[in-house]
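Counting convention: from 1, in listed order, for ligands and their atoms alike. Worth knowing before you read on, the calculation uses all heavy atoms, side chains too, and leaves out hydrogens, waters and symmetry mates. A quick note: this is a predicted structure, and the numbers were derived from the prediction, not measured. Sequence positions, counted from 1, serve as the residue numbers for this chain.
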Amino acid sequence: MTFKDQIDKSRLPEHVAIIMDGNGRWARRRGQERVFGHHRGVKAVRKVVEAAAELGIEYLTLYAFSTENWNRPDDEVSALMDIMIESLNVETKSLVDQQISLLVIGDLERLSDNVRARLLETMRVTSAGRRLKLIVALSYSSRWEIAEACRRIAVEAREGRISTDQITEDTVSAFLVTSGIPDPAMMIRTSGEKRISNFLLWQLAYAELYFTEKLWPDFGKEDFYKAVADFQKRERRYGKTSEQIAENR
Ligand code: IPE
Ligand code: IPE
Ligand code: MG
């Protein structure tokens, strides 16, 4: 029996988020430059996006490049940006065919004009895709996002469009870049690192965390199904007791 067969399609996580980590180590272990690993990482992205769409997952968020990743050597950063453009050129048609829409979240101001233009174009041509919403976090960090939301809420308050006692958790959610998107039910991180690295700090409040030793370029469809099957074995209690959860079942 494969992991896919173990999955109950009626209880899928609505939103899965992934920190795609380990490209550099994958390449170095093969005596190659880190960039080689990033190229291979694109193949893993393709497989996992397909797996999520086939399964019927509604939202998939992929952490592709963090705000902190701007501090990497210039040649690695520019190679990653080139890979981004190349992937969008190659994959856009396939996204449209698979009815997958692309949304990019992050500080897009920091991207070069041609990367930004290519992203906006792909978002535009895929916008009708209803099967899977693919969200790519690029030049993204959660603290940047939360600080940005605070600034915008403060402006609303100053201009009298919102009173401070009306500011609730829902208000904060609505001012994040993920506004309107349900919180991830599960977060997967590859490569054995067990940290969040400034990813969706607010939205992951109750996510089930799944860590695997697999390096991102080695992560395939079965690995994704295995993670989803593991998720379905967990009891999500949200602060309640196990007995309360059983009563409401
Ligand atoms: C993840 O792989 C891709 C990005 C962060 C862009 P890494 O490049 O972090 O690979 P490792 O962690 O160094 O192996
Ligand atoms: C996190 O990976 C960001 C992405 C996968 C895009 P990093 O490899 O940059 O994270 P740290 O620095 O090891 O925490
Ligand atoms: Mg890494």
Side-chain angles (χ1 to χ4, degrees), residues 15-49 51-52 59-88 90-91 102-112 115-116 118-119 122 134-148 176-178 181 184 186-204 207 209-220 223-224 227:
H15 183 178
V16 177
I18 308 183
I19 301 180
M20 312 184 288
D21 198 12
N23 293 349
R25 275 164 286 168
W26 186 92
R28 298 304 297 153
R29 277 178 204 174
R30 285 161 179 77
Q32 303 273 358
E33 297 295 324
R34 294 175 50 82
V35 173
F36 181 59
H38 297 315
H39 279 285
R40 291 301 288 259
V42 175
K43 293 190 180 183
V45 170
R46 192 178 304 127
K47 286 184 212 158
V48 168
V49 168
Y59 298 87
L60 177 69
T61 299
L62 302 178
Y63 202 5
F65 190 86
S66 69
T67 304
E68 291 74 21
N69 289 149
W70 287 114
N71 298 323
R72 290 196 178 188
D74 289 346
D75 55 350
E76 181 166 343
V77 171
S78 70
L80 281 163
M81 294 300 147
D82 289 349
I83 290 171
M84 185 61 62
I85 294 189
E86 191 187 306
S87 309
L88 290 167
V90 174
E91 303 294 338
L102 178 77
L103 173 69
V104 180
I105 57 170
D107 187 0
L108 304 190
E109 300 286 308
R110 292 185 70 172
L111 298 169
S112 69
V115 174
R116 194 170 44 248
R118 194 69 199 83
L119 286 167
T122 303
L134 173 63
I135 300 146
V136 173
L138 188 67
S139 186
Y140 171 88
S141 88
S142 197
R143 288 187 172 184
W144 162 81
E145 173 188 36
I146 292 169
E148 193 70 20
L176 297 175
V177 290
T178 51
I181 298 170
M186 87 177 298
M187 193 283 280
I188 300 171
R189 182 172 190 150
T190 58
S191 90
E193 307 299 351
K194 294 180 185 66
R195 54 178 173 265
I196 309 272
S197 300
N198 218 345
F199 186 43
L200 302 175
L201 300 178
W202 175 277
Q203 298 88 335
L204 293 177
L209 306 182
Y210 180 91
F211 298 102
T212 168
E213 294 294 323
K214 280 255 172 122
L215 300 177
W216 178 250
D218 289 329
F219 194 84
D223 298 296
F224 184 75

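Short contacts between ligand 2 and Arg195, defined as distances under 4.0 Å to a heavy atom of the residue, involve ligand atoms 11 (P), 13 (O), 14 (O).
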Atom pairs and distances, side-chain donor-acceptor, residues 37-45, under 3.5 Å, sequence neighbours left out:
from: His38; atom 1: ND1; to: Asn23; atom 2: ND2; distance (Å): 3.1
from: His38; atom 1: NE2; to: Glu76; atom 2: OE2; distance (Å): 2.8

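Between Glu148 and Arg143 there is no salt bridge, since no side-chain N of the basic residue sits under 4.0 Å from a carboxylate O of the acidic one.
Scanning all heavy atoms of the two residues, the minimum distance from Arg34 to Gly24 falls at NH1-CA, 3.5 Å. The two residues Phe211 and Glu193 make their nearest non-hydrogen contact at CD2-O, 3.4 Å.
Counted by atom type alone, Ser139 and Trp70 present one or more donor-acceptor pairs between their side chains at under 3.5 Å. For Arg116 and Ser112, the side-chain atoms include no donor-acceptor pair closer than 3.5 Å.
The closest donor-acceptor contact from the side chain of Asp107 to the backbone of Tyr140 lies at 3.5 Å or more, if one exists at all. In this structure, the side chain of Arg28 engages the main chain of Gln32 through a donor-acceptor pair within 3.5 Å. Judged by distance alone, the side chain of Ser141 and the main-chain N or O of Thr67 form no donor-acceptor pair under 3.5 Å.
In this structure, the side chain to side chain contact (heavy atoms under 4.5 Å, CB included) partners of Asp75, at least two apart in sequence or on a different chain, are Pro73.
Contact residues of ligand 1 (protein heavy atom closer than 4.0 angstrom to a ligand atom; sorted by chain and number): Met20, Asp21, Gly22, Asn23, Gly24, Arg25, Arg34, His38, Ala64, Asn69, Arg72, Leu80.
Shown are the protein N/O/S atoms under 2.8 Å from the Mg ion (ligand 3), given by residue and atom: Asp21 OD1.
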